[in-house]
Student: 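Here's a structure for you.
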Amino acid sequence: MDQKMFEIVSHFAIEGKVVEVAPLGNGLINTTYKVTTEGSTPDYVLQNVNVSIFPDMDLLMNNIVEVTGHIRKKLEAAHTEDIDRKVLKFIPATDGKMYYFDGEKYWRIMVYIPDTVSKTGVSLESAYIVGETFADFQAKLADIPAQLGETIKDFHNMEWRIQQLKDAIAENRSGRADDPEVKEILADIFERADEYCKAERLYREGKLPKRICHCDTKVDNILFDKDDNVLCVIDLDTVMPSFIFSDFGDFLRSAANTTREDDPDLDKVSFNFEVFKSFTKGYLKGAASFITPIEVENLPYATALFPYMTLVRFIADYINGDIYFRCQYPEHNLVRSRNQLKLTKCVEAAFPQMEAFIAEQLAK
Ligand code: GN1
Ligand code: MG
């Protein structure tokens, strides 16, 4: 492997003499390596991008270059210290492209930020920080002049996810759509479909904007320094135009579930309202410069939308015979679906409290 990895790195316009290329982290989608150079030149992070999930490498890298460039300009204008630790920096290939294709795989490279800390899992404190950090990320990108594309087409488009589910049922490749329990879940889904497609309707009516969002908001996607200060947001492949609900709702879907998304014990699934409060406080603080009343008003909707959308994606994949989400056992997607349905219902039950809490925050 080593010679081949050195050869790949040699196609990038990096500084320094490469001494080692070694696996880094445990991402499920892309494969990542650390490239160590001799002496004082920077080290790098080399990634092989999974183009079966992100099919348009030019669009993907164009988004990332625009986003990191725009954030860098903002940090420079604010005379921020240590900018290279606060925004990712990608290095072009020797032919000037932002990636290298080796005939089989697509590669890209960025500067490694040393002395960082990563976290998984949330505390009430980190939920606040993540809310503020992702809102700040959206705020910095609110005036980006470039037109960005969707790296996964219709990724968080609820109408399209419903259509995908209808197609899965019509095809019924696995036969699982006939299962009585699946039918019950589907009835729960379709009863709610119109309500949950509200964002797309508001968008068509010109009432709801799309903004540049991260679309994979979790604490794992933030780098901290040794003193627990936020450095920057990472994992930018899903950065694309979306409703702000994406970043708000998807974070809470995982962070405010009292258990993991594939816990088969439904008694353990509930909505952690304390996490909601802490995250929402941080988010509203960070979003104050851009958020509109219709966006604020729909934050409870956003909180229920993501367990619901993920439920729709899990059950569609179950009916399709498990072709998208990696499964450890045959019923895995069904277990995930039951879990997300339960969470959707718990969040729905908390609407009055969520609304009251947001109103209270705004009145402050
Ligand atoms: C996938 O791979 P991971 O866990 O970061 C999916 C998300 C889903 C999540 C559900 C590109 O994310 O949208 O919410 O699984 N990412 C993609 O576990 O489809
Ligand atoms: Mg990810």
Side-chain angles (χ1 to χ4, degrees), residues 24-32 47-57 59-61 63-64 106 118-122 130 134 148-162 164-165 168 189 196 199 213-223 233-264 269 279 302-318 320 322-329 331-344 347:
L24 179 70
N26 49 2
L28 290 183
I29 292 185
N30 300 324
T31 313
T32 306
Q47 276 185 319
N48 156 19
V49 176
N50 186 335
V51 286
S52 67
I53 292 188
F54 301 105
D56 191 336
M57 195 64 187
L59 183 153
L60 177 81
M61 289 312 294
N63 275 7
I64 290 181
Y106 288 83
S118 303
K119 303 183 183 194
T120 37
V122 287
V130 179
F134 282 111
L148 302 193
E150 292 185 336
T151 56
I152 300 176
K153 200 175 167 317
D154 291 320
F155 189 43
H156 283 170
N157 179 338
M158 195 60 241
E159 285 177 348
W160 185 73
R161 294 295 180 187
I162 291 286
Q164 229 184 3
L165 174 59
I189 288 174
Y196 281 110
C213 297
H214 185 278
C215 296
D216 189 14
T217 39
K218 44 188 179 191
V219 70
D220 322 44
N221 284 338
I222 296 181
L223 290 183
V233 169
I234 59 167
D235 205 353
L236 305 177
D237 297 321
T238 51
V239 174
M240 64 178 108
S242 191
F243 307 120
I244 61 156
F245 307 154
S246 290
D247 290 356
F248 189 87
D250 208 21
F251 177 76
L252 289 172
R253 180 185 76 80
S254 52
N257 187 345
T258 45
T259 188
R260 51 177 222 272
E261 71 181 13
D262 62 352
D263 192 331
V269 178
F279 176 76
T303 312
L305 175 62
F306 278 83
Y308 178 79
M309 189 186 300
T310 311
L311 156 66
V312 170
R313 294 175 66 193
F314 285 151
I315 200 80
D317 196 41
Y318 184 65
N320 281 333
D322 310 322
I323 54 179
Y324 189 90
F325 296 106
R326 197 170 309 179
C327 287
Q328 262 109 45
Y329 52 92
E331 308 273 277
H332 206 161
N333 271 322
L334 179 61
V335 164
R336 290 168 173 146
S337 302
R338 290 180 189 132
N339 179 305
Q340 295 295 292
L341 176 58
K342 168 87 191 279
L343 181 62
T344 302
V347 177

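Read the numbers this way: they start at 1 and go in the same order the structure lists the ligands and their atoms.
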Student: With side chains defined as the heavy atoms from C-beta onward, is the minimum distance between C213 and V239 less than 4.5 Å?
Tutor: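 Result no, sub-4.5 Å side-chain heavy-atom pair not found.
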Student: Please say whether K218 places an N or O atom under 3.5 Å from an N or O atom belonging to ligand 1.
Tutor: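 Min N/O separation from ligand 1 is below 3.5 Å for K218.
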Student: State the atoms of ligand 1, each with its element, that fall below the 4.0 Å cut-off from a heavy-atom position in Y324.
Tutor: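 So the answer, numbered in order with elements, is 11 (C), 17 (C), 19 (O).
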Student: Would you say the side chain of C327 lies within less than 4.5 Å of the side chain of R336, judging by non-hydrogen atoms?
Tutor: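 When only atoms from C-beta onward are counted, C327 and R336 do touch, with a gap below 4.5 Å.
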Student: Does any non-hydrogen side-chain atom of F248 lie less than 4.5 Å from one of F279?
Tutor: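 A side-chain contact under 4.5 Å exists here.
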Student: When only distance counts, is T238 in polar contact with ligand 1, meaning an N/O pair under 3.5 Å?
Tutor: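 No; the residue has no nitrogen or oxygen that sits under 3.5 Å from a nitrogen or oxygen of the ligand.
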Student: Using a strict 4.0 Å cut-off to heavy atoms of E261, name the atoms of ligand 1 that fall inside it.
Tutor: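 Listed by number with element: 10 (C), 18 (O).
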Student: Below 3.5 Å, N or O to N or O, backbone or side chain included: is there any such pair between R313 and ligand 1?
Tutor: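 Yes, since at least one N or O of R313 sits under 3.5 Å from an N or O of ligand 1.
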Student: Looking at side-chain heavy atoms only, is the closest gap between L60 and Y106 below 4.5 Å?
Tutor: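 No, their side chains stay 4.5 Å or more apart.
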Student: Quick one: does R336 get a heavy atom under 4.0 Å from ligand 1?
Tutor: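 R336: no contact with ligand 1 (<4.0 Å).
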Student: Would you call the rings of F243 and F245 parallel, tilted or perpendicular, where under 30° means parallel and over 60° means perpendicular?
Tutor: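 Tilted: the ring planes of F243 and F245 meet at 30° to 60°.
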Student: Any nitrogen or oxygen of H156 lying under 3.5 Å from a nitrogen or oxygen in ligand 1? Just yes or no.
Tutor: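 Min N/O separation from ligand 1 is not below 3.5 Å for H156.
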Student: Answer yes or no for F325: is there a heavy-atom contact with ligand 1 below 4.0 Å?
Tutor: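 F325: in contact with ligand 1 (<4.0 Å).
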Student: Which part of D216 is near ligand 1, with near meaning a heavy atom under 4.0 Å away: side chain, backbone, both or neither?
Tutor: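 It is the side chain that gets close, since no backbone atom is under 4.0 Å.
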Student: Taking only heavy atoms of I152 into account, list the atoms of ligand 1 that are under 4.0 Å away from them.
Tutor: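 Those atoms are 11 (C).
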Student: What pairs with H214 under ring pair (Phe, Tyr, Trp, His ring centres under 6.0 Å), at least two apart in sequence or on another chain?
Tutor: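 Scan of H214 (ring pair (Phe, Tyr, Trp, His ring centres under 6.0 Å), adjacent residues dropped) gives F134, F137.
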Student: With a 4.5 Å cut-off on side-chain heavy atoms, are R253 and Q340 touching?
Tutor: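 A side-chain contact exists here, since the closest heavy-atom pair is under 4.5 Å.
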